[in-house]
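Below, read A as the first sequence line, B as the second, and so on, with proteins coming before strands; counting in each chain starts at 1.
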Number of protein chains: 2
Amino acid sequence: MSRPTVHDVARVANVSLSTVDRVLNGRDGVRAATQERVRAAMKQLGYERDLMAANLSRKRIYKIRFVIPDGPNSFMRNLAAELETQARIALRDRTEISVSLVPPFDGRALGAELRRTRETEADGVVMVATESAEVRQAVSELRAAGIQVVTLISDLSASARGHFVGIDNVSAGRTAAGLLGRFCAGRPGRIAIVAGSMLVRDHVERRLGFEQVMHSEFPELKLLPPIESGDEAARVDRLLTDQLREHPDIIGIYSLGGGNRGLRDALDRAGADPRPMVVVHELTDQSRVALQDGMFDAVLQQDIRKEVTSALVIIRNLIEAMPIDAETGRIHTEIFLRDNLP
Amino acid sequence: MSRPTVHDVARVANVSLSTVDRVLNGRDGVRAATQERVRAAMKQLGYERDLMAANLSRKRIYKIRFVIPDGPNSFMRNLAAELETQARIALRDRTEISVSLVPPFDGRALGAELRRTRETEADGVVMVATESAEVRQAVSELRAAGIQVVTLISDLSASARGHFVGIDNVSAGRTAAGLLGRFCAGRPGRIAIVAGSMLVRDHVERRLGFEQVMHSEFPELKLLPPIESGDEAARVDRLLTDQLREHPDIIGIYSLGGGNRGLRDALDRAGADPRPMVVVHELTDQSRVALQDGMFDAVLQQDIRKEVTSALVIIRNLIEAMPIDAETGRIHTEIFLRDNLP
DNA sequence: ATGAAAGCGCTAACAA
DNA sequence: TTGTTAGCGCTTTCAT
């Protein structure tokens, strides 16, 4: 037998199609008693609404707005590119994607942009959050206006966002330590840490996780205080070059932010032998080449495509008030070595 | 403006709906000239068929049959469980999944089962292949009967299968070597290899990749000949215990097949200190616990869920003669440490 | 508060 | 070879 339809439900409940529809979509104008009958019929038949037919009928088009930082690093540029690709594909699912770029690490700008999206009649907003009161406020307003909000990559604490899609950055840091610690085991020495900025939440979390594991499991490795590069390659190069000169016993480097190009340059310049073991974040053209060269040992990554598609699934479910599979938003930290590059 | 529909195309091309439909679906009975007009209209309008509406209309239900080995290891049991889950979900996409189990490593049995599926009026078959002439033959027959075939996890060389979904096992072996080699660097010693059977193709490929990298990049580590366990925990335990006793200088172990429970038992019994570094395949309850205990260092994995959903997407595209994104079938080898467990 | 009927974009008989 | 028409399962006016 094929799946039961609204017709079946209507027949069993002894009501018309419209009434079934009203119950189905939680519209009012149905007596409680009737509602019960309809619901009973649905349960009895195991009715499950056909979303495709529903969307076909109502000509529903989900309008989703992505608000992402206009960062200097190739990671964010990859995100933008991925969004362009997904925009094409999403059309088949009746989803219209628009993108707006905002200055990075700027809560005020992000908040303002979020307010502006209310005029675009979007059904939902997906954003890479920056921690800030303005942003939290703007999110509340969106929610109040019936616009769903999903945070991507970087979450917004204590906010009204409906869901977060991204990796667990503390565990990413721990993972980096697990790798680097094992890579360096047996050879006492120092570990350098290169971060973008300690004002950014994911970087803080990665550092936290990294230090947790380093201290508890590889106490013979001494951690240097993190270099803050603002994710700019040139600064990474300069600061790290200095540090390598000052500490010839650096045997491992963890770069938890952007600017990996500068990392390569610094290592090239230093030309140590054996070179330090290196673990970095985000698979970009730069880090891929460095992995193949043997200059980097491991790259931690979050699958941007998966993040985008998960965010779309989740925000559509949010919009439709459908249950959300917790698994969907949980992106795990992937590890790439030279030989399992995708 | 909203997307153009068949009506628009019909109007512009000055034909009826049916004619547009015929062209759209490559049915014959349309003059070449008319076809051209219709195609021109489609191009002009940028028409793209609405698959949901199409499926709604034709009440199309994709019947997909999965043929998988009834193996003794938890990996295959996980596969079966995942299929059960996906069966439920796939219904929403008008896809009906059925599963049939066959004896593992038995080409004859698999071939026979494939022949039998022709009677189930399936639209497509997804199978974990075993290399064998019977199987290749059966695949050809299915294709001839218009039934699409996709191989999953283990490919079938020189066959008519429409697509393969799974990881690159040579590169998985190389990846294992990259990890284990770095983990053991600096401490000369021996590496033990535990395999299921050298008659199985993915195991052979993993071993190949592993030895490639070990020889070229970590020549100071000596490889022992592989233990063949038939993926049975008890045999892994016994054989490995012997080997550990015979070679007290084993500092690393690569297990490329099943039976990881036996591996744990053997290590427990040996109780070496420091214990050898261990890299295994497939995230199961066993290997997960061992990772958390700190008994295993890394687990290589193929995402079964992703493999199943990719296989579904691909076989549906095959059935609909739609273009296939090469990326979809390429599953990459994931690496798990204790801290990035999903 | 409930129902009848007309679509949504596409397909599939059946006619012409 | 081409066209007409009646659905697919659901939503949405507009009546009642």
Side-chain angles (χ1 to χ4, degrees), chain A residues 1-39 41-42 45-62 91-96 316 319-322, chain B residues 1-39 41-42 45-62 91-96 123 319-322:
Chain A
M1 272 310 301
S2 65
R3 269 164 52 167
T5 75
V6 271
H7 288 92
D8 302 318
V9 176
R11 192 163 22 72
V12 171
N14 229 291
V15 295
S16 74
L17 285 185
S18 339
T19 301
V20 174
D21 183 71
R22 288 185 185 106
V23 174
L24 200 55
N25 293 287
R27 280 184 276 271
D28 46 352
V30 184
R31 254 187 324 191
T34 320
Q35 273 192 44
E36 244 347 285
R37 253 191 307 150
V38 173
R39 251 185 263 285
M42 297 210 251
L45 295 174
Y47 173 82
E48 228 188 311
R49 154 228 245 128
D50 183 330
L51 232 205
M52 295 184 185
N55 284 341
L56 171 59
S57 172
R58 65 178 120 170
K59 294 182 57 126
R60 179 80 153 104
I61 289 188
Y62 302 99
L91 276 180
R92 294 182 207 161
D93 296 328
R94 296 167 195 290
T95 303
E96 226 171 77
R316 273 196 298 248
I319 291 169
E320 293 292 352
M322 285 180 358
Chain B
M1 272 308 300
S2 65
R3 267 162 55 166
T5 76
V6 270
H7 288 93
D8 302 320
V9 175
R11 194 164 21 72
V12 171
N14 229 293
V15 294
S16 75
L17 284 186
S18 345
T19 302
V20 173
D21 183 70
R22 287 191 258 264
V23 174
L24 200 54
N25 294 288
R27 282 184 274 271
D28 46 351
V30 183
R31 252 188 324 193
T34 321
Q35 275 195 41
E36 245 345 287
R37 253 190 309 149
V38 174
R39 251 185 261 287
M42 296 210 250
L45 294 173
Y47 173 83
E48 226 187 315
R49 152 228 246 129
D50 183 329
L51 231 206
M52 296 186 185
N55 284 342
L56 171 60
S57 171
R58 67 177 119 170
K59 293 182 56 127
R60 178 80 154 106
I61 289 188
Y62 301 99
L91 276 180
R92 294 182 208 160
D93 296 330
R94 309 188 130 69
T95 303
E96 226 170 76
D123 303 294
I319 290 168
E320 293 293 350
M322 282 178 4

Check your understanding: What's the closest nucleotide to the B/L56 side chain, out of C/dC10, D/dC8, D/dT2?
Key -> D/dC8

Practice item. On DNA chain D, check which nucleotide each of A/R49 and B/Q35 is closest to and give me the residue with the more 5' one. Key: B/Q35

Review point. Where each residue is assigned the nucleotide of DNA chain C containing its nearest heavy atom, which of B/M52 and B/S18 is assigned the position nearer the 5′ end?
Key: B/M52

Exercise for review: Determine the minimum heavy-atom distance between B/A54 and B/R49, stating which atoms define it.
Suggested key: CB-NE, 4.1 Å

Exercise for review: Could you check how far CZ of B/R37 sits from C1' of D/dT1, rounded to whole Å?
Suggested key: 12 Å

Practice item. Return the value, rounded to whole Å, for the distance between atom CG of A/D50 and atom C1' of C/dG9. Key: 14 Å

**Study point:** Non-hydrogen side-chain atoms of B/L56 and B/M52 separated by less than 4.5 Å
**Key:** no

Check your understanding: Can you check the B/N14 CG to D/dT1 C1' distance for me, whole Å?
Key -> 15 Å

Check your understanding: If you check the B/L17 side chain, which of D/dC8, C/dT11, D/dC10 turns out closest?
Key -> C/dT11

Practice item. For A/V15, answer base if it contacts any base atom (sugar-phosphate contacts may also be present), sugar-phosphate if it contacts only those atoms, and nothing otherwise; contact means non-hydrogen atoms under 4.0 Å. Key: sugar-phosphate

Review point. Which listed nucleotide (D/dC10, D/dT4, D/dG9) is nearest to the side chain of B/S16?
Key: D/dT4

Review point. Whole-Å distance between C/dA1 C1' and A/D28 CG?
Key: 11 Å

Review point. Does D/dG3 have OP1 or OP2 sitting under 4.0 Å from an N or O in the side chain of B/T19?
Key: yes

Review point. Does C/dG9 have OP1 or OP2 sitting under 4.0 Å from an N or O in the side chain of B/R3?
Key: no

Point to revise | Option from B/R39, B/R3, B/M42 for which side chain to side chain contact (heavy atoms under 4.5 Å, CB included) with B/Y47 holds | key: B/M42

Review point. Counting side-chain heavy atoms from C-beta on, which of D/dC14, D/dC10, D/dG3 comes nearest to A/R22?
Key: D/dC14

Review point. Between D/dC8 and A/T5, is there an OP1 or OP2 to side-chain N/O distance shorter than 4.0 Å?
Key: no

Check your understanding: Which nucleotide in the set D/dG9, C/dT11, D/dT1 lies at the smallest distance from any side-chain heavy atom of A/A53?
Key -> D/dG9

Study note, to complete from the structure: A/D21 has its side chain closest, among D/dC10, C/dG9, D/dT2, to D/dC10

Check your understanding: Where do B/V20 and B/V6 come nearest, in terms of heavy atoms and distance?
Key -> CG1-CG1, 3.7 Å

Study note, to complete from the structure: Whole-Å distance, A/R11 CZ to C/dT2 P, equals 20 Å

Exercise for review: Grab the CD-C1' distance between B/E48 and C/dC10 for me, whole Å please.
Suggested key: 15 Å

Point to revise | B/T19 side, atom OG1; B/R22 side, atom CZ - distance, nearest 0.5 Å | key: 5.0 Å

Study note, to complete from the structure: To the nearest angstrom, the CG-P distance between A/D8 and D/dC8 comes to 11 Å

